[in-house]
Undergrad: 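I am attaching a structure below and will ask some questions about it afterwards.
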Amino acid sequence: MTTIGLIGAGHIGSQVARLAVANGYDVVISNSRGPETLAALVRELGPRARAGTALDAAKAGDLVVVTIPLKNYRAVPVEPLAGKIVIDTNNYYPQRDGHIPELDDESTTTSELLQRHLPTSKVVKDFNHIYAAELTTHGQPAGSKNRRALVIAGDDKEAKATVTHLLDQFGFDTVDAGLLSEGWRIQRDTPGYGPRRTADELRRDLAAAKRYAAK
Ligand SMILES: NC(=O)c1ccc[n+]([C@@H]2O[C@H](COP(=O)([O-])OP(=O)(O)OC[C@H]3O[C@@H](n4cnc5c(N)ncnc54)[C@H](OP(=O)(O)O)[C@@H]3O)[C@@H](O)[C@H]2O)c1
């Protein structure tokens with residue numbers, strides 16, 4: 001894996017791009033307004049980075065990160081992501097995204113929606129519960145005492161192993177919440193959503209999470 005594509009280059013996308021470049025990956029970043037609006041970020045990221053359309057990022061990425069407002073998930077290109085690992089950072093905020101009935105009634109989860117849109121991609125939920133700024137300040141080398149951990153969830157074991165390795169390079173331990181359908185355990189307003197947590201703490205948070213309806 002040499003190239004990471006980013007669909008979305010805002011708070012989280014730009015930070016993941018910084019981590020990727022710092023760890024020797026090439027990145028293709030994209031947003032909704034067009035590559036020319038990303039010139040400053042490309043300059044900052046240096047020669048490993050270029051800007052393109054979302055389609056370019058989807059095609060170029062060996063692994064692609066979707067990090068856009070959830071309401072726009074249907075705009076993510078499907079065909080070029082076939083068979084690829086797709087990291088989903090998205091969260092559901094009805095005031096921003098509008099109401100999505102199947103998320104309101106918790107009959108599905110955000111990452112399962114993206115997986116349904118990308119039927120042959122291997123969607124892994126990640127980076128959804130850490131503030132963007134902390135991505136480049138909270139990472140520590142493997143083995144550090146009290147290293148911060150991040151949750152992943154996904155239906156494909158190999159894809160999760162790849163993302164676990166990537167997170168380790170980026171400075172974080174990983175806690176596997178299980179299948180995508182378990183992703184609700186780290187959704188907005190659950191105990192693990194936001195604060196700095198070690199792997200053990202995060203496992204406790206996942207176990208203690210409650211459905212919105214049970215609150
Ligand atoms: N901010 C955080 O700390 C944080 C933490 C964890 C998870 N999240 C979640 O991660 C996602 C991204 O959050 P963010 O804070 O990075 O958002 P953001 O700063 O608003 O950035 C969103 C990015 O997505 C791009 N975009 C929107 N629609 C697009 C489309 N159809 N195709 C390609 N790019 C598109 C935007 O481009 P334009 O600017 O050109 O429209 C922008 O670059 C959200 O679901 C959020 O809830 C955020």
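The structure presented is a predicted model; accordingly, all values stated were derived computationally and were not measured. Atoms within each ligand, like the ligands themselves, are counted from 1 in listed order.
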Undergrad: Using only atom types and a distance under 3.5 Å, with no angle test, would you say the side chain of E182 pairs donor to acceptor with the backbone of L179?
TA: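 Here the side-chain-to-backbone pair does not exist.
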Undergrad: Compare L41, T89, T67 and give the one whose heavy atom is closest to atom 23 (C) of ligand 1.
TA: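 Result: the heavy atom closest to atom 23 (C) of ligand 1 is in T67.
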Undergrad: For atom 35 (C) of ligand 1, what's the nearest protein heavy-atom neighbour? Residue, atom name and distance, please.
TA: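 So the nearest neighbour among protein heavy atoms is I68 CG2, 3.4 Å.
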Undergrad: For a quick test of reading the model, state the closest non-hydrogen atom pair linking H129 to R148 and the distance between them.
TA: O-NH2, 3.8 Å
Undergrad: Heavy atom under 4.0 Å from ligand 1: found in T37's side chain, backbone, both, or neither?
TA: neither
Undergrad: At a 4.0 Å threshold, what atoms of ligand 1 neighbour a non-hydrogen atom of P69?
TA: 22 (C), 24 (O), 27 (C)
Undergrad: Please identify which atoms of ligand 1 are closer than 4.0 Å to at least one heavy atom of A132.
TA: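 The atoms of ligand 1 under 4.0 Å from a heavy atom of A132 are 2 (C), 3 (O).
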Undergrad: Just to confirm, does any protein heavy atom lie below 4.0 Å from atom 20 (O) of ligand 1?
TA: no
Undergrad: Should you measure from each heavy atom of Y131, which atoms of ligand 1 turn up under 4.0 Å away?
TA: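 What qualifies from ligand 1 is 3 (O).
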Undergrad: Going by heavy-atom distance to atom 15 (O) of ligand 1, choose the closest among H11, R96, R33.
TA: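 Among H11, R96, R33, the closest heavy atom to atom 15 (O) of ligand 1 belongs to H11.
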Undergrad: For atom 4 (C) of ligand 1, which of the options I7, N72, I12 provides the nearest non-hydrogen atom?
TA: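 Of the listed residues, I12 has the closest heavy atom.
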Undergrad: With a cut-off of 4.0 Å, which atoms of ligand 1 are near a heavy atom of A75?
TA: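 So the answer, numbered in order with elements, is 31 (N).
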Undergrad: With a 3.5 Å cut-off and no angle check, do the side chains of T136 and Q15 form a donor-acceptor pair?
TA: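 T136 vs Q15: donor-acceptor pair found between side chains.
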Undergrad: Looking at atom 30 (C) of ligand 1, what's its closest protein heavy atom, distance included?
TA: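 Sorting protein heavy atoms by distance from atom 30 (C) of ligand 1 puts S32 CB, 4.1 Å first.
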Undergrad: Going by the atom numbers of ligand 1, which of them fall below 4.0 Å from some non-hydrogen atom of N128?
TA: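 Listed by number with element, the hits are 6 (C), 7 (C).
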Undergrad: Give the numbers and elements of all ligand 1 atoms closer than 4.0 Å to a heavy atom of F127.
TA: 6 (C), 7 (C)
Undergrad: Considering the options L166, T3, L19, which one meets the side chain to side chain contact (heavy atoms under 4.5 Å, CB included) requirement together with Y25?
TA: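 The side chain to side chain contact (heavy atoms under 4.5 Å, CB included) with Y25 is passed solely by L166 among L166, T3, L19.
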Undergrad: Determine, for Y93 and R188, whether the Lys NZ or Arg CZ falls below 6.0 Å from the six-membered ring centre while staying within 45 degrees of the axis.
TA: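 Yes, R188 lies over the aromatic ring of Y93.
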Undergrad: Report yes or no: do D56 and S30 form a side-chain donor-acceptor pair below 3.5 Å?
TA: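 Side-chain D/A pair, D56 to S30: absent.
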Undergrad: Going by the side-chain hydrogen bond (donor to acceptor under 3.5 Å, both in side chains) test, name the single residue among N91, D205, N128 that passes it with Y193.
TA: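 Looking at N91, D205, N128, the match for Y193 under the side-chain hydrogen bond (donor to acceptor under 3.5 Å, both in side chains) is N91.
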Undergrad: Regarding Q187 and T190, do their side chains bring together a donor and an acceptor under 3.5 Å, going by distance alone?
TA: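 No, no side-chain donor-acceptor pair sits under 3.5 Å.
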Undergrad: Which protein heavy atom lies closest to atom 43 (O) of ligand 1, and at what distance to 0.1 Å?
TA: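 Nearest neighbour among protein heavy atoms for atom 43 (O) of ligand 1, to 0.1 Å: A9 N, 2.9 Å.
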Undergrad: Compare L55, N31, T53 and give the one whose heavy atom is closest to atom 34 (N) of ligand 1.
TA: N31
